[in-house]
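Contents: one structure, followed by commentary.
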Amino acid sequence: MGEYIVEIFLVISGILVGIINTLAGGGAIITMTLFTVLGLPIGVANGTNRIAVILQNFTATITFIRKRMLDIKGGLKLAIPAVIGNIAGSLVATKISDTIFTICMAVVLTIVLLYMIFDQSHKMPQIHGGRPLVIRWWHYIWFLMLGFYGGYIYIGLGYVILAVTIWSMKLDIITANVIKGFIIFLATPFSLIVFIMNDQVDYAFGLWHGIGNVIGAAFASHFAINWGVKFVRWFTMAILVLCFADLIGLISLHEWMHTILSYFGHHCIVC
């Protein structure tokens, strides 16, 4: 069993990440941390992460379409600028700076967390799943920039999309998650191609982790309606706080995962 410990952790962590990303966002921090603990360079970890992202969001999107929660026409309109931005962001991602990466993430998480704490829009009339989206010209600009960010860094993209769609499009958080997953699913393959062309993808890691993502996404998207808007909102805020604490050094997800892997790896080898 010891020889399969890495694959087991990739699948288990993938399930957790699939649930987190489908309901909120920020699961990529766990993915990136795990990949680097297992020895992948940051650039390769960034590229490899895209495989699981595609599989996870494909699974969630199919489920939401079956439940009639997705405005496909509106989602496609927003996906066009997101794809363009995603390609541009991916082209510069190979030169990513760890310092800039950390600063950007800290700023993004702070803004979105404060927004969700003080936002009162969830108490106002909102557009709910399945209804046509009201898209204005500035939304295309927003999603062009979101696409660039997703192609360049990706981590935290889900939170930014949630903030933009809830604030500027007046969506409830579940519907915002549906649109988020659909657009990320359509845009990310272009990003993956760029990373593949730059030899920054580990297919084995990506596929094992992707299997877990599919399971987690299927579970979360199936039960999202039953859990309700309030649960998803508080769940999102809890994950935000955890990610922010890791970024500013209050906790270390990297150390946690290294300890867990070492512990179970030792016991599996002994067994």
Side-chain angles (χ1 to χ4, degrees), residues 8-37 45-46 48-64 105-106 108-110 112-113 115-117 146 149-150 153-163 165-166 172-185 188 205-206 208-247 250-254 256-257 260:
I8 292 173
F9 267 92
L10 286 171
V11 173
I12 293 175
S13 64
I15 294 174
L16 176 62
V17 169
I19 293 174
I20 291 173
N21 281 342
T22 301
L23 292 181
I29 290 182
I30 297 176
T31 299
M32 295 282 284
T33 301
L34 178 62
F35 284 172
T36 54
V37 167
N46 194 12
T48 303
N49 176 48
R50 313 301 166 119
I51 295 177
V53 168
I54 294 171
L55 294 175
Q56 165 215 311
N57 285 288
F58 170 75
T59 303
T61 294
I62 293 299
T63 302
F64 287 134
M105 273 304 303
V108 168
L109 291 180
T110 301
V112 178
L113 180 58
Y115 171 80
M116 295 200 69
I117 290 175
L146 290 172
Y149 178 83
I153 297 179
Y154 182 78
I155 294 182
L157 175 63
Y159 291 132
V160 185
I161 293 179
L162 288 180
T165 51
I166 293 172
D172 67 275
I173 194 169
I174 292 180
T175 303
N177 268 300
V178 173
I179 293 298
K180 175 202 73 179
F182 183 58
I183 291 175
I184 291 177
F185 162 64
T188 305
F205 274 41
W208 279 110
H209 195 63
I211 291 173
N213 271 251
V214 168
I215 297 172
F219 176 83
S221 57
H222 181 74
F223 290 102
I225 299 177
N226 297 331
W227 290 338
V229 173
K230 178 179 285 189
F231 171 83
V232 175
R233 182 169 183 268
W234 282 105
F235 181 88
T236 303
M237 291 175 63
I239 299 300
L240 269 168
V241 171
L242 181 65
C243 294
F244 184 77
D246 176 70
L247 276 175
L250 292 179
I251 62 174
S252 175
L253 293 177
H254 189 280
W256 289 5
M257 289 187 180
I260 293 172

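FYI, side chains are in, hydrogens and waters are out, and symmetry mates aren't considered; it's all heavy atoms of this structure.
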- line: In terms of heavy-atom contacts, Leu157 and Gly150 come closest through CD2-CA, 3.7 Å

message: How long is the straight-line distance from CG of Asn213 back to CG of Leu55, given to the nearest 0.5 Å?
response: 7.5 Å

- request: Specify the closest pair of heavy atoms between Thr188 and Ile184, including all atoms of both residues, with the distance to one decimal.
  value: OG1-O, 2.6 Å

query: For Leu162, does its backbone N or O pair with a side-chain atom of Thr165 as donor and acceptor, under 3.5 Å?
result: yes

- prompt: Short question: side chain of Lys180, backbone of Asn21 - any donor-acceptor pair under 3.5 Å?
  reply: yes

- prompt: Taking all non-hydrogen atoms of both residues, which atom of Ala176 and which atom of Ile166 are closest, and how far apart?
  reply: CB-CG1, 3.9 Å

message: Please enumerate all residues that pass side-chain contact (heavy atoms from CB on, under 4.5 Å) together with Ile12, with sequence neighbours excluded.
response: Ile8

message: Gln56 vs Val214, test: side chain to side chain contact (heavy atoms under 4.5 Å, CB included). Steps then yes/no.
response: CA-CA 5 Å; Gln56 165 215 311; Val214 168; 6.0 Å; no

Listed partners of Ser13 passing side-chain contact (heavy atoms from CB on, under 4.5 Å), at least two apart: Leu34, His209

query: Would you say Asn49's side chain and Ala45's backbone share a donor-acceptor pair under 3.5 angstrom?
result: no

task: Take Phe182 and Asn57 through the test side chain to side chain contact (heavy atoms under 4.5 Å, CB included) and record every step on the way to the result.
output: CA-CA 7 Å; Phe182 183 58; Asn57 285 288; over 6 Å; no

- prompt: If you take all heavy atoms of Ile161 and Leu146, which pair is closest and at what distance?
  reply: CG1-CD1, 3.9 Å

statement: Between the CD1 atom in Ile20 and the OG1 atom in Thr31, the distance rounded to the nearest 0.5 Å is 8.5 Å

task: Could you check if a side-chain atom of Leu10 sits within less than 4.5 angstrom of a side-chain atom of Phe35, using non-hydrogen atoms only?
output: yes

field: Sequence-distant partners of Phe58, side-chain contact (heavy atoms from CB on, under 4.5 Å), two or more places apart
entry: Ile62, Phe185

